[in-house]
Amino acid sequence: MTGGGAVAYGDVGIELGARVAAALRRGLGVEITPAEAVIRPSTRDGVDYQCNAAMSLAKKVGKPPREVARSIVDNLDSADLVATTEVAGPGFVNIRLSDAWLAGRAAALLGDDRLGVDPVPDPRRYALDYSSPNVAKEMHVGHLRSTIIGDALLRLLRFAGHEVTPHNHVGDWGTPFGMLIEHLLDEGWTPDGGHSISDLNGFYQAARAKFDADPVFADRSRKRVVALQGGDEATLALWRRLVEESSRHFQKVYGMLGIELTPEDMYGESFYNPYLDDTIADLEAKGLTRVSDGAVCVFPPGFSNREGEPLPLIVRKGDGGYGYATTDLATARYWTGERGMTDLLYVVGTPQAQHFAMVFAASRMAGYLTDDHTAEHIGFGSILGEDGKTIRTRAGGSVKLVELLEDAVDNAAKTVAERSSLDADAQAAVARAVGIGAVKYADLSNDREKDYVFTWSRMLAKEGNTSVYLQYANARCHSVLAKSGTTPAADTEVLLGSPAERALALALLRLPAAVEAAATAYAPHKLCGYLYELATTFTAFYDGCPILKPDVPAEVRASRLVLTALTSAVLTRGLELLGIEAPREL
RNA sequence: GCCCCUGUAGCUCAGCGGAUAGAGCAGGAGCCUUCUAAGCUCUUGGCCGCAGGUUCGAGUCCUGCCAGGGGCACCA
């Protein structure tokens, strides 16, 4: 018996939970789900998993917790996978898996592309909003977290078995474009191209400066906004050039970061422009709007302003223009209505929490979100400098993403040059993998909702819980595998003769639980934590269990090579889910 | 004033209502004629902000307080 139904591998905890649930049904006539069996990995010596269900069930069943635990143990039909059980403390059931089952389960992972992770039985259709840079502005550290976290979630959710459509809510519309286009014309641009902007920030700042200093220019700019929004073709042509120019910059950054977003994923503010009037008309038709201080508003219940009065979501401003609330409502309506998505995710900083709460509330009032939909603001904290304040350059400006990434790669290159014996090209590739990986891992390994302090020393750290540690462990795997001159065969028997081997097999089987935890909580750091544990477990194995030494028996050597190959496969897959490269050699 | 988030080792952080709260960094002591020392082993270091409550059991849930951050009508 290896689990029930379609579940071929899955999570060991769920498997054990199912056995415990059966035992409770058999022994005490109690019905619980496998999850309610509260199976947790144990940190105690000689114990692999513990079941904590007995204590909470005691009252319901009317028996002392230890007696419930005793009943679980006595009725457990698990001779195939459990070696020993014991009732301990107030009513814990300590479980040690059988070596044979563990070995068999580990061996079965070889050649399994999904490494034991079953696709979710109930796939959802996600629309995932992330990155969201602004046209005509260089990407800065403020965009880093949304981009990295969003991309990791895209990979994680897809691997978990969901359908995910990313959409990049680029800031490509609004009043600033009047001045930007006028400035473009002053610079001699034509709609036909042949121009480029080497310094997007400089371009924006120059336009801004002229707007502030020159009333004539400011006036032209305002007229240009009207022309743009009125659909003037010549103006639109220039606007498109500006968007293209910026898009080139975004793609450069995405390329450096290894982000999967493409120009096809761009659903900028302008995209929703044609939907805005209709959305407002729809809200009005449903009687959800009220004019307040000249603005058309929706008042979702439960929100109040400084004076304790109802807080509006402004759908049409007093001057007739649209705010971001309008766009966000149209966005929700579009992705659920026209694209049939079931779950909307927005990877946007936590300061926007109230805004999204209001947009979701209004979307439910309008029926854009129903009981069949979920909408979630995937908030994240700010990146702080070492002074605990929002990170800035010494000059007080925002830190450019390109420069930050180049610094990270340069720094990695120095270390690579000191330690690597690879040729120059390969070293450059490794430096990119290590440098970019370090930036991403430093971000992803923290709980995304909290602010995190950015320090170069930690971001570029080569020790401890870092991406390099994982990459290094993986490279060691590949090194051994290459030296072995063989490829572990799928039917190789896995032998767990030492605690280190056993611990490694156990760790390898925990990928499904890690993926599930990370995907359901939209929390990549949970996967990071697991991968780091796996890597430390492997390193202990690597340290204590010779693989290729001459005195190692052939069957032990073959088994250890399987464990090594599996470790590499899990690390590589895990890093891929985080969007981090796993070079075969460092 | 109201709402949201955060407070865990010197620092940066994990911690799923469960047993003696874990990592990394920094500090201390060791380990390379041996598969990658970007590594390993050992070690020092905790009134989990404070006070109550719920629970068989609370860092975790509830209430109050303190401290820090953020948000609170036409910028997104």
Side-chain angles (χ1 to χ4, degrees), chain A residues 38 40-44 50 52 55-56 58-59 64-65 88-92 94 132 134 169 171 173-176 269 292-297 302-319 321-325 327-328 349-355 357 379 381-382 384 388-390 415-416 418-421 434 442 445-447 449-453 455 457-458 461-466 468-469 471-473 475-484 513 517 521 525-526 528-529 532-533 536 539-540 542-549 552 560 564 585-586:
Chain A
V38 201
R40 299 285 127 88
S42 174
T43 52
R44 297 177 94 74
Q50 61 184 49
N52 302 336
M55 281 85 77
S56 57
K59 194 177 288 173
F92 298 105
N94 288 338
S132 312
N134 294 309
H169 203 108
W173 202 249
T175 48
E269 285 160 13
S292 173
D293 290 350
V296 180
C297 305
F303 299 91
S304 59
N305 69 9
R306 238 178 281 268
E307 284 73 44
E309 298 153 355
L311 189 62
L313 209 49
I314 294 174
V315 192
R316 192 196 296 275
K317 297 192 286 185
D319 65 2
Y322 310 108
Y324 71 148
T327 314
D328 284 345
T350 49
Q352 305 281 344
Q354 183 177 260
H355 166 72
S382 308
L384 306 179
K389 304 215 164 113
T390 306
T415 311
V416 172
E418 283 167 21
R419 301 173 198 251
S420 178
S421 53
V434 169
S445 59
N446 282 322
D447 181 350
E449 289 196 66
K450 297 185 185 173
D451 292 348
Y452 92 88
V453 177
T455 66
S457 60
R458 216 148 34 84
K462 303 180 276 289
E463 291 136 26
N465 188 0
T466 61
V468 199
Y469 184 90
Q471 290 168 324
Y472 184 66
R476 283 173 140 184
C477 293
H478 279 292
S479 174
V480 171
L481 291 167
K483 281 204 166 99
S484 78
H525 81 281
K526 298 194 179 200
C528 293
Y532 180 65
E533 260 184 65
T536 56
T539 305
Y542 178 88
D543 227 52
C545 302
I547 303 166
L548 302 177
K549 301 296 164 57
V552 177
R560 289 178 177 170
T564 303
E585 292 176 88
L586 299 187

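Throughout, a chain's letter reflects where its sequence line sits, starting with A, and its residues are numbered from 1. Scope of the values below: all heavy atoms of this structure, side chains included, with no hydrogens, waters or symmetry mates.
If you measure from atom CZ of A/Arg476 to atom P of B/rC40, you get 7 Å, rounded to the nearest angstrom. Distance, A/Glu449 CD to B/rG70 C1': 13 Å, rounded to whole Å. The distance from atom CG of A/Asp447 to atom C1' of B/rU8 is 14 Å, rounded to the nearest whole Å. In this structure, OH of A/Tyr469 is placed 13 Å from C1' of B/rU36, rounded to the nearest angstrom. The separation between A/Glu463 atom CD and B/rG24 atom P is 12 Å, rounded to whole Å. Atoms NE2 (A/His169) and C1' (B/rC75) sit 14 Å apart, rounded to a whole Å. When the C1' atom of B/rG15 is taken as reference, atom CG of A/Asn446 falls 14 Å away, rounded to whole Å. Note: CE (A/Met55) to P (B/rA19) measures 9 Å, nearest angstrom.
The distance from atom CD1 of A/Ile547 to atom SG of A/Cys477, rounded to the nearest 0.5 Å, is 8.0 Å.
With both ends at atom C1', the span from B/rC48 to B/rU8 equals 4 Å, rounded to whole Å. A gap of 49 Å separates the P atoms of B/rC31 and B/rG68, to the nearest Å. As rounded to the nearest Å, B/rC13 and B/rU6 have P atoms that lie 14 Å from one another. The gap from the P atom of B/rC42 to that of B/rC25 amounts to 14 Å, rounded to the nearest Å. For the P atoms, the distance from B/rC47 to B/rC2 is 33 Å, rounded to whole Å. Taking atom P on both B/rC62 and B/rC3, the two are 15 Å apart, rounded to the nearest angstrom. For the C1' atoms, the distance from B/rU41 to B/rU55 is 42 Å, rounded to whole Å. B/rG10 and B/rG53 have their C1' atoms separated by 34 Å, given to the nearest Å.
Heavy atoms of A/Ser484 sit nowhere under 4.0 angstrom from any nucleic acid atom. If you check every strand for non-hydrogen atoms under 4.0 Å, A/Leu311 touches sugar and phosphate atoms only. Across all strands shown, A/His355 has no heavy atoms under 4.0 Å from either base or sugar-phosphate atoms. At the heavy-atom level, A/Gly529 lies nowhere under 4.0 Å from the strands shown. Counting non-hydrogen atoms under 4.0 angstrom, A/Asp328 reaches nothing in the nucleic acid. Counting non-hydrogen atoms under 4.0 angstrom, A/Glu269 reaches the backbone sugars and phosphates but no base.
With centroids closer than 5.5 Å and planes inclined by less than 30 degrees as the test, A/Tyr472 and the base of B/rA38 fail to qualify as a stacked pair.
Not a single donor-acceptor pair, N or O on each side, falls under 3.5 Å between the base of B/rA37 and the side chain of A/Asp543. With hydrogens and angles ignored, no donor-acceptor pair closer than 3.5 Å exists between the side chain of A/Gln471 and the base of B/rA38. With hydrogens and angles ignored, a donor-acceptor pair closer than 3.5 Å exists between the side chain of A/Arg40 and the base of B/rC16. Between the side chain of A/Thr466 and the base of B/rA38, no donor-acceptor pair under 3.5 Å is found.
Of the candidates B/rA76, B/rG18, B/rA38, B/rG18 carries the atom nearest the A/Ser56 side chain, counting heavy atoms from C-beta on.
Although no hydrogens or angles enter the test, the distance criterion places a donor-acceptor pair under 3.5 Å between the side chain of A/Thr564 and the main chain of A/Arg560. No donor-acceptor pair closer than 3.5 Å links the side chain of A/Asn305 to the backbone N or O of A/Leu311.
In this structure, A/Asn446 and A/His525 have side chains that are not in contact, with every pair of non-hydrogen atoms separated by 4.5 Å or more. Counting only heavy atoms from C-beta outward, the side chains of A/Leu586 and A/Arg419 never approach each other to under 4.5 Å.
Annotation for A/Lys462 and A/Val468: closest pair CA-CG2, 4.3 Å, computed over non-hydrogen atoms.
In this structure, B/rA29 forms a base pair with B/rU41, meeting either the Watson-Crick or the G-U wobble geometry with both donor-acceptor distances under 3.5 Å. Nucleotide B/rG1: paired with B/rC72 (Watson-Crick or G-U wobble, both distances less than 3.5 Å). The partner of B/rG7, taking Watson-Crick or G-U wobble pairs whose two distances both stay under 3.5 Å, is B/rC66.
A close approach under 4.0 Å does not occur between any side-chain nitrogen or oxygen of A/Arg306 and OP1 or OP2 of B/rC2. Checking the phosphate oxygens (OP1, OP2) of B/rG39, no side-chain nitrogen or oxygen of A/Lys462 falls inside 4.0 Å. Between A/Lys450 and B/rG7 there is a side-chain N or O to OP1 or OP2 distance below 4.0 Å.
Taking the syn range as angles within 90° of 0, the glycosidic angle of B/rC32 is syn.
Remark on RNA chain B: of its neighbouring residues A/Asn52 and A/Lys526, the 5'-side contact belongs to A/Lys526, judged by nearest-heavy-atom nucleotide. For the pair A/Thr175 and A/Thr350, nearest-nucleotide mapping onto RNA chain B gives the more 5' position to A/Thr350.
Judged purely by distance below 3.5 Å, without hydrogens or angles, the side chains of A/Tyr472 and A/Thr539 never pair a donor atom with an acceptor atom.
Ring pair A/Tyr469/A/Tyr532 is tilted by interplanar angle, where 30° to 60° counts as tilted.
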